Number of protein chains: 2
Amino acid sequence: MNESVWLRPAKPERRPLTLAQIVGEAVALLDEEGADRLTMRRLAERLGTGSTTLYWHVKTKDDVLDLALDSIFGEVPPPAGGSWRERVAALVSGWRAALLRHPWSTGLLDRPMMGPNALSRTELLYATLAEAGFTGPDLPAAAFSLSTYVTGSATAQARDQAAAGPAVHAHLRERRDTYPTLAAHGLDHDWDATFTRGLEYLLDGMAARVTAPS
Amino acid sequence: MNESVWLRPAKPERRPLTLAQIVGEAVALLDEEGADRLTMRRLAERLGTGSTTLYWHVKTKDDVLDLALDSIFGEVPPPAGGSWRERVAALVSGWRAALLRHPWSTGLLDRPMMGPNALSRTELLYATLAEAGFTGPDLPAAAFSLSTYVTGSATAQARDQAAAGPAVHAHLRERRDTYPTLAAHGLDHDWDATFTRGLEYLLDGMAARVTAPS
DNA sequence: ACCTGAACACCGTTCAAGT
DNA sequence: ACCTGAACACCGTTCAAGT
């Protein structure tokens with residue numbers, strides 16, 4: 001004779017785990033605790049499963065990282081309008097903002113970025129530049145230098161802001177004899193202003209190529 | 001009664017392990033096998049010791065990585081002479097070459113670079129630009145955009161070259177409808193030429209700032 | 001189709017102990 | 001001062017087994 005339903009422990013709520021849930025939770029975990037705390041076991045725990053369950057949805061941990069990285073590229077808004085320069089600047093700034101919102105992402109930029117969100121933003125950049133008149137080797141060069149500038153600068157900023165502190169200042173001040181220029185000007189700059197100014201150098205140099213007669 | 005010296009196994013050659021040896025062997029290991037194969041145990045094995053021995057010379061594995069990264073900055077030659085533009089271009093190209101010679105290094109650029117070799121090259125960059133006439137916010141902006149361009153482009157190149165292959169081409173060709181510009185122009189470019197052209201954009205834009213009357 | 005548990009082959013790091 | 005071995009608390013991943 002079986003016990004009544006009410007006395008049996010309710011079956012543990014069988015909503016099936018999805019890949020989107022895994023990626024979403026991975027991003028949350030990375031945001032809250034950082035990259036070195038992302039563990040298959042810890043991630044699974046947050047999702048209420050065992051770690052080995054994840055391997056049905058995902059081949060390796062690297063898959064999780066790649067998916068998490070691509071998902072944050074999804075936050076980059078497509079530029080609204082304006083001149084090609086304005087559209088490029090908007091795209092690139094949104095790109096940078098997304099990376100800086102998730103500082104762990106800059107530590108993953110050494111792995112292939114073939115996800116749909118990354119590719120669609122890259123396509124947008126290429127298309128905008130092609131429309132602006134960049135042709136031949138100038139097109140990949142312009143696209144490459146811009147995307148490189150964004151990822152490089154975000155990496156540098158995330159890195160230096162994480163390390164920032166009195167220890168760093170002291171270290172450089174003590175060595176101001178060997179690094180005089182750096183000690184005098186290398187600290188305490190406005191990250192946004194510096195980024196924007198550097199971007200202007202780049203865009204100025206690029207603009208001369210499209211507008212100038214070859 | 002003791003056996004003669006000759007019959008006893010020779011004491012295992014007690015040359016003390018140095019930090020320089022550890023770093024050198026770490027770089028060799030990274031060059032030969034890549035970053036994910038660098039293990040304290042494997043590194044120790046190559047040095048003929050136990051893994052725990054390393055912890056007398058080094059606090060953590062991250063120390064080894066930081067030291068290895070800084071050591072390759074030591075390969076960057078100081079620029080010989082010429083105009084500030086030529087000196088900057090030489091410094092930056094040497095920097096890039098060192099990173100590309102050790103592709104694993106681009107995966108470590110998200111960690112603080114406070115080592116003597118990194119700092120001395122950064123100082124060199126700042127000093128050259130200051131001498132060239134960059135002042136106020138233009139000095140950190142110029143230095144930042146250049147170093148950012150180098151590290152970003154090397155990261156992108158190391159990443160894409162490692163991933164390069166027919167699979168990537170096929171993936172993009174299959175999706176040429178959604179990424180038309182990218183599929184048409186994003187593959188098979190000359191890395192060196194692209195880098196140099198992008199650097200010219202940047203230097204052109206920068207040069208306008210120093211030479212032009214404000 | 002999806003989830004679980006046990007198990008394997010590793011890790012980085014600590015620490016008491018040796019010379 | 002420098003090195004060793006055993007041990008701890010983890011890892012990513014596989015796989016047979018369950019539903």
Side-chain angles (χ1 to χ4, degrees), chain A residues 2-3 5 8-30 32-69 104 107-108 110-112, chain B residues 2-3 5 8-30 32-69 104 107-108 110-112:
Chain A
N2 255 335
E3 290 195 66
V5 224
R8 266 178 273 132
K11 242 191 194 161
E13 190 64 58
R14 200 52 112 100
R15 20 129 214 187
L17 190 58
T18 68
L19 188 58
Q21 277 176 61
I22 294 176
V23 177
E25 198 63 42
V27 170
L29 172 53
L30 287 163
E32 291 167 25
E33 312 192 37
D36 45 348
R37 297 276 295 173
L38 175 60
T39 280
M40 294 302 267
R41 289 176 222 258
R42 202 189 306 276
L43 176 57
E45 194 186 10
R46 286 177 68 128
L47 290 161
T49 27
S51 70
T52 65
T53 302
L54 300 177
Y55 286 88
W56 195 89
H57 300 270
V58 123
K59 189 120 209 314
T60 67
K61 181 186 175 180
D62 280 351
D63 280 13
V64 177
L65 293 175
D66 287 338
L67 291 164
L69 180 60
W104 49 268
L108 300 177
D110 63 324
R111 38 207 300 94
Chain B
N2 256 333
E3 291 194 64
V5 224
R8 263 178 275 132
K11 244 193 194 160
E13 190 64 58
R14 201 51 114 104
R15 20 130 214 189
L17 190 59
T18 68
L19 188 58
Q21 277 175 62
I22 294 176
V23 176
E25 198 62 42
V27 170
L29 173 55
L30 288 163
E32 290 167 25
E33 312 193 37
D36 45 348
R37 297 275 295 172
L38 176 60
T39 281
M40 295 302 266
R41 288 177 222 256
R42 202 190 304 278
L43 176 57
E45 194 185 10
R46 287 177 65 129
L47 290 161
T49 27
S51 69
T52 64
T53 302
L54 300 176
Y55 286 88
W56 196 89
H57 300 269
V58 124
K59 188 121 209 311
T60 66
K61 181 186 174 179
D62 280 351
D63 280 12
V64 177
L65 293 175
D66 287 338
L67 290 164
L69 180 60
W104 49 268
L108 300 177
D110 62 324
R111 39 209 297 93

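Letters A, B, ... mirror the listed sequences (proteins, then strands); counts begin at 1. The model shown is predicted, which means the values in this text are computed figures rather than measured ones. Heavy-atom basis, side chains included; hydrogens, waters and symmetry copies ignored.
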Under-4.0 Å side-chain N/O to phosphate OP1/OP2 contact, B:His57 with D:dC3: yes
Side chain of A:Thr52 - closest among D:dC3, D:dC15, C:dC3: D:dC15
With sequence neighbours excluded, residues passing side-chain contact (heavy atoms from CB on, under 4.5 Å) with A:Arg37: A:Glu33, A:Arg42
Residue-phosphate contact under 4.0 Å: B:Thr49 side-chain N/O, D:dC3 OP1/OP2: no
Secondary-structure notation, DNA chain C, from Watson-Crick and G-U pairs under 3.5 angstrom (| other strand): ||.|||||...|||||.||
Pairwise distance CG(A:Leu30) to CD(A:Glu25) - rounded to 0.5 angstrom: 10.5 Å
Residues that B:Asp62 engages under salt bridge (Lys or Arg N to Asp or Glu O under 4.0 Å), provided they are two or more places apart: B:Arg111
Spacing between A:Leu65 atom CG and D:dG12 atom C1', to the nearest angstrom: 12 Å
Interatomic distance, A:Leu38 CG vs D:dC11 P [rounded to whole Å]: 10 Å
Nucleotide C:dA7, atom P - distance to CE of A:Met40 in whole Å: 21 Å
Whole-Å gap separating P (D:dC11) and CG (A:Leu43): 12 Å
Nearest-angstrom distance from the residue atom CG of A:Leu17 to C1' of C:dT4: 13 Å
Residue A:Trp56, side-chain atoms from C-beta onward, closest of D:dC3, D:dG12, C:dA1: C:dA1
Residues that A:Ala20 engages under side-chain contact (heavy atoms from CB on, under 4.5 Å), provided they are two or more places apart: A:Thr18
Nucleotide of D:dC3, C:dT13, D:dG12 approaching A:Lys61 most closely (side-chain heavy atoms): D:dG12
Rounded distance (nearest 0.5 Å) linking atom NZ of B:Lys61 with atom CG of B:Asp63: 12.5 Å
N/O (side chain, A:Arg42) to phosphate O (OP1/OP2, D:dC10) under 4.0 Å: no
Protein-nucleotide distance (B:Tyr55, atom OH; C:dC11, atom P), rounded to Å: 12 Å
Value in whole Å for how far the C1' atom of D:dC10 lies from CG of A:Asp36: 14 Å
Side-chain touch B:Asp110/A:Trp104, heavy atoms, less than 4.5 angstrom: no
Could you list the donor-acceptor pairs under 3.5 angstrom formed by side chains in residues 50-58 of chain A, with sequence neighbours left out?
{"residue": "A:Thr53", "atom": "OG1", "partner": "A:Gly50", "partner atom": "O", "Å": "3.4"}

B:Leu54 CG to D:dA1 P, straight-line distance once rounded to whole Å: 19 Å
A:Thr39 side-chain N/O to D:dC11 phosphate OP1/OP2 under 4.0 Å: yes
